[in-house]
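The block underneath contains the structure these notes are about, expressed in structure tokens.
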Protein chains: 2
Amino acid sequence: MARLSDVIEEFIKEMIKETGGEAEIQRNALATHFKCVPSQINYVIGTRFTNEHGYFVESKLGGGGHIKIRRIAITKPYNNFMHLVVSIGGSISEQAAAAHINNFVDYKLISYRDGILMKAAICNKALASSITDNRDSIRAGILKNMLLRLIVV
Amino acid sequence: MARLSDVIEEFIKEMIKETGGEAEIQRNALATHFKCVPSQINYVIGTRFTNEHGYFVESKLGGGGHIKIRRIAITKPYNNFMHLVVSIGGSISEQAAAAHINNFVDYKLISYRDGILMKAAICNKALASSITDNRDSIRAGILKNMLLRLIVV
DNA sequence: TATATAGATGGTCAAAGATAGTCAGGAGCA
DNA sequence: TGCTCCTGACTATCTTTGACCATCTATATA
């Protein structure tokens, strides 16, 4: 007996395949369809459609809201982004983040200007109003999201 | 299910395009046309045609009243970056920040790719590990720092 | 002419409705 | 027993609606 979460996972993957890389779902509708609580959809997404699994998820709340799940391109040079995204984990220092960004610039995975913007976004000065204990994890979130955004299909 | 507000937004934008920069509408007539209450027109304007989005709205009450929506013309990039940096203050919502960025892209002050990166840096998802109460001020810090860095370049 | 009144607009705001997100804990299985 | 799956209460955000308010024009009236 297949677990419901696996069924939902397959359903979404099928959708992505059919639509060529992107599935847009409505949480409540999908939950009704599979006769489960809405939050199970979040569970499925949170355990099977993470960045590490190669997906990029966006959503919109409120009336007419939706969840959009997209496949990340893992082609040649950009798999380095994915490696970094996975290795960052939940936290990264300014120095380490800047070093990675400089590396990407050196290897021409991103432009000099991209690098400027990325470093501007993750430096301590930009994050000054965050709580110190939290700063490295916020930085990790920003860096990951910028890298992933560049390689979503 | 497409949101009615989005449909109305597109309708108004189309009007602006066709008339070369300015749409003059009648609130009640438009509401009747879209089968909604008049105040929804205000909602659409208030959420999608603000100054931050690059629009200027005037209206006239009473008999023969109307609402006039115009695209604001922007010319000098550095002035606008500086102006925005000053006007952001200590806090900005995701919506407002994204509106500004989209506006800069529209007026070609920054590239489409710059916009993608900047929006990736300031969105709620990227800042998920920050405390909710602090998020808008962190976002302001990031946006300001990116804009300032672009001025220096 | 000056003023009052009615009608026609648009503005504001708060409540209700529609989604999705989070998190702690229970349920089930290896 | 420990991991994964499932549930539901609570939260955050966005949209739609309607009651009440402010302003302008036209017209009737003194």
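Convention: sequence-line order gives letters A, B, ...; per-chain numbering from 1. Excluded from the calculations below are hydrogen atoms, water molecules and symmetry mates; all remaining heavy atoms, backbone and side chain alike, are included. For clarity, every value in this text was computed on a predicted model and none was experimentally measured.
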Expected output: side-chain A:T19 to main-chain A:E22 donor-acceptor under 3.5 Å: yes
A:I25 CD1 to C:dT19 P, straight-line distance once rounded to whole Å: 14 Å
Sequence neighbours excluded, every pair satisfying ring-ring contact (aromatic ring centres under 6.0 Å, His included) that has a member inside residues 118-140 of chain A: none
Short N/O separations, protein against nucleotides 11-13 of chain D, under 3.5 angstrom:
from	atom 1	to	atom 2	distance (Å)
D:dT13	O2	A:G62	N	3.3

B:G64 vs A:G65, nearer the 5' end of DNA chain C by closest nucleotide: B:G64
Between C:dT19 (P) and A:Q26 (CD): distance, integer Å: 6 Å
Short side-chain N/O contact from B:K60 to OP1 or OP2 of D:dT25, under 4.0 Å: yes
Rounded distance in Å - NE2 (A:H66) to P (D:dT15): 10 Å
Rounded to 10 degrees, the angle between the two terminal axes of the helix from C:dT1-D:dA30 to C:dA30-D:dT1, each from five pairs: 10°
Residues forming a ring pair (Phe, Tyr, Trp, His ring centres under 6.0 Å) with B:H33, sequence neighbours excluded: B:F11
Electrostatic pair A:E94-A:R135, nearest N-O below 4.0 angstrom: no
Linked, directly or transitively: B:V37 and B:I41 (ILVMFWY side chains, under 4.5 Å): no
DNA chain D contacts made by residues 4-14 of chain B, counting heavy atoms under 4.0 Å: B:L4, B:S5
Atom pair distance, as rounded to whole Å: CZ in B:R3 and P in D:dT15: 6 Å
Flag, side chain of A:N145 to backbone of B:A120, donor-acceptor distance under 3.5 Å: yes
Selection: residues 27-53 of chain A, any non-hydrogen atom under 4.0 Å of DNA chain C: A:R27, A:N28, A:S39, A:N42
Any side-chain heavy-atom pair of B:D114 and B:M146 under 4.5 Å: no
B:G89 backbone acceptor or donor facing B:K144 side chain under 3.5 Å: yes
Polar side-chain atom of A:S137 near backbone of B:S129 as donor-acceptor pair, under 3.5 Å: no
Residue pair B:I16 / B:Y55, side-chain heavy-atom distance below 4.5 Å: yes
Polar side-chain atom of B:R71 near backbone of B:G54 as donor-acceptor pair, under 3.5 Å: yes
Backbone N/O of B:A97 and side chain of B:E52: donor-acceptor pair under 3.5 Å: no
Same cluster (ILVMFWY, side-chain, under 4.5 Å), A:F49 and A:L148: no
